[in-house]
Amino acid sequence: MTRESHGSAPGTTLPQCHDDESGREPDYRFTLANERTFLAWIRTAFALLAGGVAVGQLFTGELDPITHRILGGGCVVLAVFVAVGAFLRWRQVQAAMRRDGPLPGPVMVKLMVGGVLVAAVGCALLIGL
């Protein structure tokens, strides 16, 4: 099923979005900006995942190995939450743009600040600051 696209030549049609079929097709620049933001969150999740693996498996220190695994596991869990949250946020923003509604609140920022704060304190304790 197709419909006329917003902002293009008369008679031009685009496939309907299956994520949220209500509303109108947003300006492609906003859609691309939303995708870039999603990809930035995914890069952050990959960095947390890599950091978690590095701390959990490769870091050798004088502390008990279980401490390293707990800190690494925390980073991996945070990476999963960031990746899932990024996808949910992308869908919410896309739906809001289609409805010309307000954008959802920045829950992901609060999650990242809290998670990074916990990881930073854990790392500081791990290296003995």
Side-chain angles (χ1 to χ4, degrees):
M1 177 176 266
T2 59
R3 62 183 172 173
E4 281 199 28
S5 62
H6 175 72
S8 48
T12 304
T13 58
L14 295 173
Q16 271 192 316
C17 177
H18 297 288
D19 292 337
D20 184 4
E21 294 185 10
S22 63
R24 63 176 180 82
E25 187 69 28
D27 186 338
Y28 72 93
R29 294 171 292 183
F30 299 125
T31 299
L32 292 175
N34 191 26
E35 288 177 8
R36 284 191 302 272
T37 303
F38 168 74
L39 291 174
W41 283 112
I42 293 298
R43 284 191 305 271
T44 302
F46 276 131
L48 283 166
L49 184 61
V53 170
V55 169
Q57 297 294 321
L58 305 176
F59 187 86
T60 58
E62 299 166 3
L63 295 177
D64 185 27
I66 193 74
T67 307
H68 301 193
R69 294 199 189 268
I70 289 172
L71 185 57
C75 288
V76 170
V77 168
L78 184 58
V80 169
F81 278 117
V82 168
V84 170
F87 176 72
L88 296 175
R89 170 88 178 163
W90 173 80
R91 285 185 54 130
Q92 290 172 342
V93 169
Q94 197 67 21
M97 288 190 304
R98 288 182 183 283
R99 293 187 315 266
D100 283 331
L103 296 178
V107 176
M108 290 289 297
V109 173
K110 295 173 187 174
L111 172 70
M112 280 301 300
V113 168
V116 169
L117 179 63
V118 168
V121 169
C123 286
L125 293 174
L126 193 64
I127 62 173
L129 288 179

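Here the straight-line distance linking atom CG of Leu78 with atom CG of Leu49 works out to 11.0 Å at 0.5 Å rounding. Interatomic distance, CE of Met97 versus CD of Gln92, reported as 12.0 Å (0.5 Å rounding). Within the model, atoms CZ of Phe38 and CD of Gln94 stand 12.0 Å from one another, a figure rounded to the nearest 0.5 Å.
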Would you be so kind as to tabulate the donor-acceptor pairs closer than 3.5 Å made by side chains of residues 100-119, with sequence neighbours excluded?
unit_1: Asp100; atom_1: OD1; unit_2: Arg24; atom_2: NH2; d: 2.9
unit_1: Asp100; atom_1: OD2; unit_2: Arg24; atom_2: NE; d: 3.2

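Taking 4.5 Å as the limit, some side-chain heavy atom of Trp90 sits within range of a side-chain heavy atom of Glu35. A 4.5 Å side-chain heavy-atom check between Val82 and Leu48 finds at least one atom pair inside the cut-off.
Under a hydrophobic-cluster definition in which Ile, Leu, Val, Met, Phe, Trp and Tyr are linked whenever side-chain heavy atoms come within less than 4.5 Å, directly or via other members, Phe87 and Val84 are assigned to the same cluster. Criterion: ILVMFWY side-chain heavy atoms under 4.5 Å apart, direct or through other members. Under it, Val93 and Leu39 are not part of a common hydrophobic cluster.
With sequence neighbours left out, the side chain to side chain contact (heavy atoms under 4.5 Å, CB included) criterion links Arg69 to Gln57.
Shown here is Phe81, whose CZ atom has no more than 12 heavy atoms of other residues, nucleotides or ligands within 6.0 Å.
When all heavy atoms of Gly52 and Cys75 are compared, the pair lying nearest together is CA-CB, 3.5 Å.
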